[in-house]
Asker: 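To start, I am sharing the structure in question, which I have written as structure tokens.
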2 protein chains.
Amino acid sequence: MADKVTIADVARVAGVSRQTVSNVLNTPDVVREETRRRVLDVVGELGYRVNQAARQMRTGRSRLIAIRIDPDRDGINGSVLDRFLHGLTDSAARSGYRVLLYTADDDRTEIATFEDLLGAYEPDGFVLTGTHHQDPRASWLLGKGVPFVTFGRPWGEESEARHPWVDVDGAAGTAAATRHLLDAGHSRIGFLGWPTGSGVGDDRREGWARTLAEAGIDPSGLSRATSDAVADGEAAARDLIDSDPGVTALVCVSDSLAVGGLHAARSPGLAWRVDTRPDLPIAVIGFDDTPVAKAVGLTSLSQPLKEAAASCVSLLARALDGTQTSQAPVLLEPSLVVRQSA
Amino acid sequence: MADKVTIADVARVAGVSRQTVSNVLNTPDVVREETRRRVLDVVGELGYRVNQAARQMRTGRSRLIAIRIDPDRDGINGSVLDRFLHGLTDSAARSGYRVLLYTADDDRTEIATFEDLLGAYEPDGFVLTGTHHQDPRASWLLGKGVPFVTFGRPWGEESEARHPWVDVDGAAGTAAATRHLLDAGHSRIGFLGWPTGSGVGDDRREGWARTLAEAGIDPSGLSRATSDAVADGEAAARDLIDSDPGVTALVCVSDSLAVGGLHAARSPGLAWRVDTRPDLPIAVIGFDDTPVAKAVGLTSLSQPLKEAAASCVSLLARALDGTQTSQAPVLLEPSLVVRQSA
DNA sequence: AGGCATGATTGGATCGTTCAAGTTAAGGAA
DNA sequence: TTCCTTAACTTGAACGATCCAATCATGCCT
């Protein structure tokens, strides 16, 4: 069966030359309408599909997009990349591209993998995730002239956007969360974040601080920084609430810390709060809307991952197809998913 | 830069013919030792990498493995596939393969995608996940003679293993969980599962039932079936405990249902139990060791996903390289990760 | 009718690799 | 010596698509 149909087979059956079939598929406007239809009929009839390897050899284009898949390093947030990947695969397929995976432990080995892949499979472009200050991967790709998009803005050199990027506006998210809490009657709203220095973490903290300040509340002393683990979040929350008993709500940089915050809020040591203000239990809002948030009823900020993935593909496809040199970055807003916790 | 080094370049510099370079790389035993070393030196020096497209055109082998990526349909269990994918990408790379992603909404569209991919990118093999009774995907691939491995045993026709597969022994897992509870002093151990008919669910239930029976405890009446949502799990657990107040532990088919079970066990309506037997709180064990389990301190069964992925690659690679016709399936045992809940 | 521009179609060359067949040189047996 | 075998390497062809340059057909103008 399926004895590999070639363009020559289609040409023979349709009674035209190979080139005409190729034209029908690649530059339909140079072929007469009637011929075009006839060829397309035969294509459907024989189930012809263009052979990527042969096309790639001639054109140098593989129609492959490569992306790294991480081990779910920070467990609780793992499924974020998962959902992004699904969106990417879906959008890519619609634009005629396929997604190729690779792994790498650090920037150095990732760059080595770039060389490997470019030499062997020749992907047309890369999608980089987890961008950070002074990212050597971006510089390397820029140097080689390999097209790529980052999911995550270039944190270091904000001023010069030397490559297209897509990101989710973390500050806008925490700002919305903070406003939501203000509207609900909270005023002393704390923040559980990561240590200063990570672009993502600082950005999210900034949205909270700005919104509090706009409401006339001084955010100083209301923030705690810790690593991204549930236990750390619980300890930080407890510390914050102990030091400022007026705190009635927490905005968190991640669902991990938010779950820790929830534990602290419900812990026996804080029973007095529930008794004092039963009308206003400690509210908690997380970030990323992970399955964990869904499971424990945590209000959280949801990243529009499907849209982000679609934007990545669109930017990359435009860079590959046309001769677009510089492209406007895309900044998307997360949405608040309200559950029991706030 | 990086002006695409071809096998002819290597041949010229090394002072041999193209074919000899090819032989050095593919069949080193037919080349004299000295020549071999000289060619390899040049290969390293020039940074030559074999062009997949050209090789594929000649040999018909793409060194690509295709796998579907799902939207995380059942949220809480989402990251299972994620971890499996990472392991697969990693193992595949070690064997000289790359992983290609695709999406599909159902079996029919997945088969259409098979045709698309086989016509265009010609992946050497597929890894199928989420196998079920009478899976048309397996039949289709068998019919076409396309190599594939399933992660998940062929539930329908257990007797005849017409293709290699890898699976995790769910029954062994729930049996281990049940034994763990028996050892801890529990005797009336309930089971929260899915409705009969899903291979995976029935298998997991069977391990629990068998172990209870072996301990001289009649499992009938101790099982509840429901769909895989936290709220459903909570309701089912409540129903079970209400109808049999002697129940002190729950083995669950998934972490989703287990989280529901935890909620029920801690709910105010069951306070009487805590008062009656404060020494023996209701224990709960889940399945899949998802991030949620880690976050809420749920004891759960962890699938050896990395090993499963490695086995898939190994089976597939052997089917592709050698002329192995039938291959022994691989059945791995999950391990119990003990946390606070049991 | 002849010339000419325009559009549609064709044949040959090419991408980088591997397969199949061929060449060369060295060694051994008759 | 002559023939044969074998190891080591080389040469030409082919995979299936697209690019390029050339050819053919058509209609229009003079």
Side-chain angles (χ1 to χ4, degrees), chain A residues 2-40 42-43 46-64 96 117-122 124 320-321, chain B residues 2-40 42-43 46-64 96 117-122 124 320-321:
Chain A
D3 332 79
K4 198 179 272 194
V5 184
T6 77
I7 205 171
D9 297 328
V10 176
R12 186 165 22 76
V13 174
V16 297
S17 70
R18 296 174 327 228
Q19 182 62 38
T20 299
V21 177
S22 177
N23 285 336
V24 167
L25 298 173
N26 300 306
T27 41
D29 46 311
V30 308
V31 180
R32 197 168 30 171
E33 172 63 16
E34 183 211 322
T35 313
R36 201 180 63 80
R37 257 207 309 273
R38 184 154 42 92
V39 169
L40 284 180
V42 176
V43 164
L46 300 186
Y48 168 77
R49 277 172 174 87
V50 56
N51 180 309
Q52 269 305 321
R55 164 181 281 181
Q56 177 181 347
M57 186 131 87
R58 194 70 247 261
T59 64
R61 301 272 315 267
S62 63
R63 304 205 74 88
L64 287 175
L117 285 173
L118 289 170
Y121 292 87
E122 305 182 285
D124 293 336
L320 292 170
D321 294 350
Chain B
D3 332 78
K4 198 180 272 194
V5 184
T6 78
I7 206 171
D9 298 327
V10 176
R12 187 163 23 76
V13 174
V16 295
S17 69
R18 296 174 328 234
Q19 184 60 36
T20 298
V21 177
S22 177
N23 284 336
V24 167
L25 298 173
N26 300 307
T27 43
D29 47 310
V30 306
V31 180
R32 196 168 33 167
E33 173 64 15
E34 183 212 320
T35 314
R36 200 180 63 80
R37 256 207 311 273
R38 184 154 41 95
V39 169
L40 283 180
V42 176
V43 163
L46 301 185
Y48 168 76
R49 277 172 174 86
V50 55
N51 181 307
Q52 270 304 322
R55 164 180 282 181
Q56 176 181 348
M57 188 131 89
R58 194 68 250 252
T59 64
R61 302 270 315 266
S62 63
R63 302 204 75 88
L64 287 175
L117 284 174
L118 288 171
Y121 292 86
E122 306 181 284
D124 293 335
L320 291 171
D321 294 350

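Residue numbers begin at 1 in each chain, while the letters A, B, ... track the order of the sequences.
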Asker: Measure the distance from CG on A/Asp9 to P on D/dG16 and round it to the nearest whole Å.
Answerer: 9 Å
Asker: Report yes if a donor N or O on one partner sits less than 3.5 Å from an acceptor N or O on the other, where the partners are the side chain of A/Gln19 and the base of D/dC19; otherwise report no.
Answerer: yes
Asker: Just the rounded figure in Å: distance from P of C/dT9 to CG of A/Asn23.
Answerer: 9 Å
Asker: Does A/Asp321 pair with A/Arg61 as a salt bridge, N-O distance under 4.0 Å?
Answerer: yes
Asker: Within the pair B/Asn26 and C/dT18, is there a side-chain N or O less than 4.0 Å away from OP1 or OP2?
Answerer: yes
Asker: Taking CD from B/Gln56 and P from C/dT18, how many angstroms apart are they, rounded to a whole number?
Answerer: 12 Å
Asker: Rounded to whole Å, please give me the gap between CG in B/Asn51 and P in C/dG16.
Answerer: 7 Å
Asker: Give a yes/no answer on whether the side chain of A/Arg55 brings an N or O atom under 4.0 Å of OP1 or OP2 in D/dT18.
Answerer: yes
Asker: Just the rounded figure in Å: distance from C1' of C/dT17 to CZ of B/Arg49.
Answerer: 17 Å
Asker: Could you say whether B/Ser22 or A/Val30 is positioned toward the 5' end of DNA chain C, judged by the nucleotide with the nearest heavy atom to each?
Answerer: A/Val30
Asker: So, is B/Ser17 close to the D/dC9 phosphate, meaning a side-chain N or O under 4.0 Å from OP1 or OP2?
Answerer: no
Asker: Does a distance-only test, which skips hydrogens and angles, find a donor-acceptor pair under 3.5 Å between the side chain of B/Arg58 and the base of C/dT17?
Answerer: no
Asker: Establish, with yes or no, whether the OP1 or OP2 oxygen of D/dC15 is under 4.0 angstrom from a side-chain nitrogen or oxygen of A/Thr6.
Answerer: no
Asker: Tell me if a side-chain donor or acceptor on A/Arg55 pairs with a main-chain N or O of A/Val50 at a distance below 3.5 Å.
Answerer: no
Asker: Does A/Arg18 use its side chain to pair, donor to acceptor, with the backbone of A/Ala11 at less than 3.5 Å?
Answerer: no
Asker: Using whole Å, what does the distance between atom P of nucleotide C/dT18 and atom CZ of B/Arg63 come to?
Answerer: 11 Å
Asker: Using a strict 4.0 Å threshold on nitrogen-to-oxygen distance, state whether A/Glu122 and B/Lys4 make a salt bridge.
Answerer: yes
Asker: So, does the side chain of B/Arg18 form a donor-acceptor pair with the base of D/dG12 at under 3.5 Å?
Answerer: yes
Asker: Which sits closer to the 5' end of DNA chain D, B/Arg32 or A/Val21, going by the nucleotide each is nearest to?
Answerer: B/Arg32
Asker: Given D/dT18, is OP1 or OP2 found less than 4.0 Å from the side-chain N or O atoms of A/Thr59?
Answerer: no
Asker: May I ask you to say what A/Thr20 touches in the nucleic acid, namely base, sugar-phosphate or nothing, with a heavy-atom cut-off under 4.0 Å?
Answerer: base
Asker: Roughly how far, to the nearest 0.5 Å, is the CD1 atom of B/Ile7 from the CZ atom of B/Arg12?
Answerer: 12.5 Å
Asker: What's the closest nucleotide to the A/Val16 side chain, out of C/dT9, C/dT17, C/dT10?
Answerer: C/dT10
